[in-house]
Amino acid sequence: MDMNYCSFCGGPVILKEIIDDHLPRYFCEKCDSVHYQNPKVVVGCLPIWEDKVLLCKRAIEPMRGYWNVPAGYLENGETVEEGAAREVWEEAMAKVTIDYLLVVYSIKHINQVYILFVSELKEPVFDIGVESLEVQLFSEEEIPWKEIAFNSSAFALKRFFENRKVGSTKVHMGEFIFKDRIRK
Ligand SMILES: [Zn+2]
């Protein structure tokens, strides 16, 4: 992301080669600060009840009206598991217990890393959170594949059903590739 001003002193920043570093960094010549920029972590989970997965229809852009795995940015001071469970609470008003790590998914062009778990609903109780239009349990046959919001969610759902078929708790690594979207 482009940066114009120093977040410490408000001075102008320049892109500068730093000795012993492999990338140019934003550097403030007024207060000598180096501003490192790193990917954001998105956490979430597939909440499971019996043979079904809980999905949320997004009430916000991007991809408003499309179904998604509950997920969002990890906050400071949270473990990834806490963040994933919080997102389920915010989007689906449901309490979950984290089961296992399912997916680590990199999206290089927007600097995001998705960490998605499988979780269990403590009870089949959920409601529509502020960022959702609908919240619903889906069996594998009922998943609205053409209305899934993001490749990361489709990837996680597919890998979950694969795992379940063979009784595995394997972790799957994924990466967003542009041609996947164009092919569609
Ligand atoms: Zn500065």
Side-chain angles (χ1 to χ4, degrees), residues 1-46 55-92 98 101-117 128-135 144-159 171-184:
M1 199 170 285
D2 288 347
M3 185 173 194
N4 297 314
Y5 297 100
C6 175
S7 52
F8 297 123
C9 74
V13 294
I14 55 162
L15 264 181
K16 185 179 170 181
E17 302 284 340
I18 306 289
I19 294 165
D20 291 335
D21 205 341
H22 62 290
L23 287 174
R25 306 290 178 185
Y26 284 108
F27 179 76
C28 175
E29 291 179 301
K30 198 169 158 195
C31 74
D32 283 346
S33 301
V34 181
H35 295 274
Y36 295 96
Q37 295 187 312
N38 302 96
K40 282 205 157 51
V41 178
V42 177
V43 292
C45 53
L46 283 66
L55 297 179
C56 302
K57 187 180 266 190
R58 290 172 63 80
I60 51 171
E61 297 292 352
M63 302 302 282
R64 180 186 154 89
Y66 284 76
W67 293 94
N68 198 29
V69 170
Y73 290 116
L74 182 65
E75 300 285 4
N76 290 346
E78 271 182 335
T79 66
V80 287
E81 299 96 317
E82 286 166 353
R86 174 184 51 75
E87 287 293 337
V88 179
W89 175 251
E90 287 178 3
E91 294 183 19
I98 300 295
L101 174 61
L102 175 67
V103 158
V104 178
Y105 190 89
S106 300
I107 311 182
K108 289 191 287 192
H109 69 286
I110 52 170
N111 306 313
Q112 290 182 346
V113 177
Y114 277 68
I115 298 178
L116 302 174
F117 298 88
I128 298 168
V130 287
E131 293 179 359
S132 304
L133 295 170
E134 281 179 63
V135 176
W145 292 107
K146 290 189 172 138
E147 296 164 46
I148 299 296
F150 302 116
N151 285 42
S152 53
S153 291
F155 181 83
L157 286 163
K158 284 177 189 159
R159 300 297 90 81
V171 180
H172 298 267
M173 311 290 281
E175 179 186 341
F176 181 89
I177 309 288
F178 267 105
K179 63 181 170 56
D180 288 351
R181 176 148 273 187
I182 294 161
R183 197 190 299 139
K184 197 146 184 183

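Residue numbers start at 1 and run along the sequence shown. Computed from a predicted structure; not experimentally measured.
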Hey, could you give me the CD/CG distance between Glu78 and Asn76, rounded to the nearest 0.5 Å?
9.0 Å
For a 4.5 angstrom cut-off between non-hydrogen side-chain atoms, does Tyr36 reach Asp21?
yes
A cation-pi test, strictly: NZ or CZ of Lys146 under 6.0 Å from the centre of the six-membered ring of Trp67 and no more than 45 degrees from its axis. Yes or no?
no
Minimum heavy-atom separation for Phe8 to Cys31, with atom names?
CB-SG, 4.3 Å
Counting heavy atoms not belonging to Asp2, are there more than 12 under 6.0 Å from its CG?
no
Within the 4.5 Å heavy-atom criterion, are Leu157 and Leu46 side-chain neighbours or not?
yes
State, yes or no, whether a side-chain contact exists between His35 and Arg25 at a heavy-atom distance under 4.5 Å.
no
Is a donor on one side and an acceptor on the other found under 3.5 Å between the side chain of Thr79 and the backbone of Glu82?
yes
Salt-bridge contact Glu131-Arg58 (side-chain N to carboxylate O under 4.0 Å)
no
Out of curiosity, Tyr114 OH to Ser153 OG, how far, rounded to the nearest 0.5 Å?
7.0 Å
State yes or no: are the ring centers of Phe176 and His109 separated by less than 6.0 Å?
yes
If you compare all heavy atoms of Leu116 against all heavy atoms of Cys45, which two are closest, and at what distance to 0.1 Å?
CD2-N, 4.4 Å
Is any side-chain heavy atom of Phe117 less than 4.5 Å from a side-chain heavy atom of Val80?
yes
Might you point out which heavy atoms bring Pro144 and Leu55 nearest each other, and give the distance in Å?
CD-CD1, 4.4 Å
Close side-chain approach of Leu133 to Arg64, heavy-atom, < 4.5 Å:
yes
Report the distance from atom OH of Tyr26 to atom CD1 of Ile14, rounding to the nearest 0.5 Å.
11.0 Å
Do Tyr105 and Phe155 have their ring centres less than 6.0 Å from each other?
yes
Electrostatic pair Glu90-Arg86, nearest N-O below 4.0 angstrom
yes
Any side-chain donor-acceptor pair under 3.5 Å between Glu87 and Tyr73?
no
Lys108 NZ to Ser106 OG distance, which is reported to the nearest 0.5 Å
8.0 Å
Minimum heavy-atom separation for Cys9 and Cys6, please, with both atom names.
N-SG, 3.4 Å
Between CD1 on residue Ile115 and CG on residue Leu101, distance to nearest 0.5 Å
7.0 Å
With a 4.5 Å heavy-atom cut-off, do Leu102 and His172 have their side chains touching?
yes
If you take all heavy atoms of Glu91 and Ala71, which pair is closest and at what distance?
OE2-O, 3.0 Å
Closest approach of Lys30 and Gly11, non-hydrogen atoms and distance?
CD-CA, 4.1 Å
State the OH-CD distance between Tyr66 and Glu61, to the nearest 0.5 angstrom.
10.0 Å
